[in-house]
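Structure first, then comments.
No experiment lies behind these values; they were computed from the predicted model shown. What's counted below: heavy atoms across the whole structure, side chains too, no hydrogens, waters or symmetry copies.
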Amino acid sequence: MPTPDEYRKIAETYYRLACDAKTEADRLALLDLAKSWLEAASRDDTKSFRERRRSWRARAAFAWRVFDRLRRR
């Protein structure tokens, strides 16, 4: 399970992908993902291990759905 610092690295990856996005819609979606991961990092700084594991799974499922939609375009 990722730590808040790893969440920040994930957010940085999404930001870099957004900079290279070919369409405005893709760029905005990737920036939104980056923002979500940064918010998660700040929230998880204060959460317990069990709470972090539960929320990480939900965010990972969400990210997978967004990338799947982007890939199908």
Side-chain angles (χ1 to χ4, degrees):
M1 184 187 72
T3 64
D5 286 337
E6 290 169 326
Y7 287 162
R8 289 179 185 91
K9 289 179 185 178
I10 293 168
E12 184 179 336
T13 300
Y14 282 127
Y15 178 76
R16 278 194 235 123
L17 289 170
C19 290
D20 295 334
K22 294 181 181 176
T23 67
E24 185 70 11
D26 291 348
R27 186 180 70 79
L28 292 174
L30 290 164
L31 287 174
D32 190 47
L33 282 171
K35 179 184 170 195
S36 295
W37 283 99
L38 286 174
E39 289 170 350
S42 76
R43 279 192 312 269
D44 283 1
D45 280 333
T46 60
K47 283 186 178 179
S48 71
F49 176 80
R50 180 175 287 166
E51 290 172 321
R52 283 197 309 263
R53 184 177 63 209
R54 193 176 312 128
S55 63
W56 178 82
R57 287 180 180 154
R59 279 192 301 279
F62 171 75
W64 178 253
R65 287 191 306 272
V66 170
F67 264 132
D68 192 44
R69 274 189 252 136
L70 291 173
R71 188 176 44 133
R72 291 179 188 203
R73 287 185 179 183

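Taking every heavy atom of both residues into account, Trp37 and Ala11 meet most closely at CB-CB, 3.8 Å. Minimum interatomic distance between Thr3 and Glu6 (heavy atoms only, all atoms of both residues): N-OE1, 2.7 Å.
Side-chain heavy atoms closer than 4.5 Å link hydrophobic residues (I, L, V, M, F, W, Y) into clusters, and following such links, possibly through other members, connects Tyr7 to Val66. Phe62 and Leu17 fall within a single hydrophobic cluster, where Ile, Leu, Val, Met, Phe, Trp and Tyr are joined by side-chain heavy atoms under 4.5 Å apart, directly or via other members.
Ion pairing between Arg65 and Asp68 fails under the 4.0 Å rule for side-chain N and carboxylate O. Comment: Lys9 does not engage Glu12 in a salt bridge, judged by the lack of any side-chain N to carboxylate O separation of less than 4.0 angstrom.
Within a 6.0 Å sphere centred on CZ of Phe67, other residues, nucleotides and ligands contribute more than 12 heavy atoms.
Atom CG in Leu30 sits 10.0 Å away from atom CG in Asp20 (nearest 0.5 Å). We find the CZ-CH2 distance between Arg69 and Trp64 to be 12.5 Å, quoted to the nearest 0.5 Å. Atom CG of residue Leu33 and atom CG of residue Leu28 lie 11.5 Å apart, to the nearest 0.5 angstrom.
Contact check for Leu31 versus Lys35: no side-chain heavy atoms found under the 4.5 Å cut-off.
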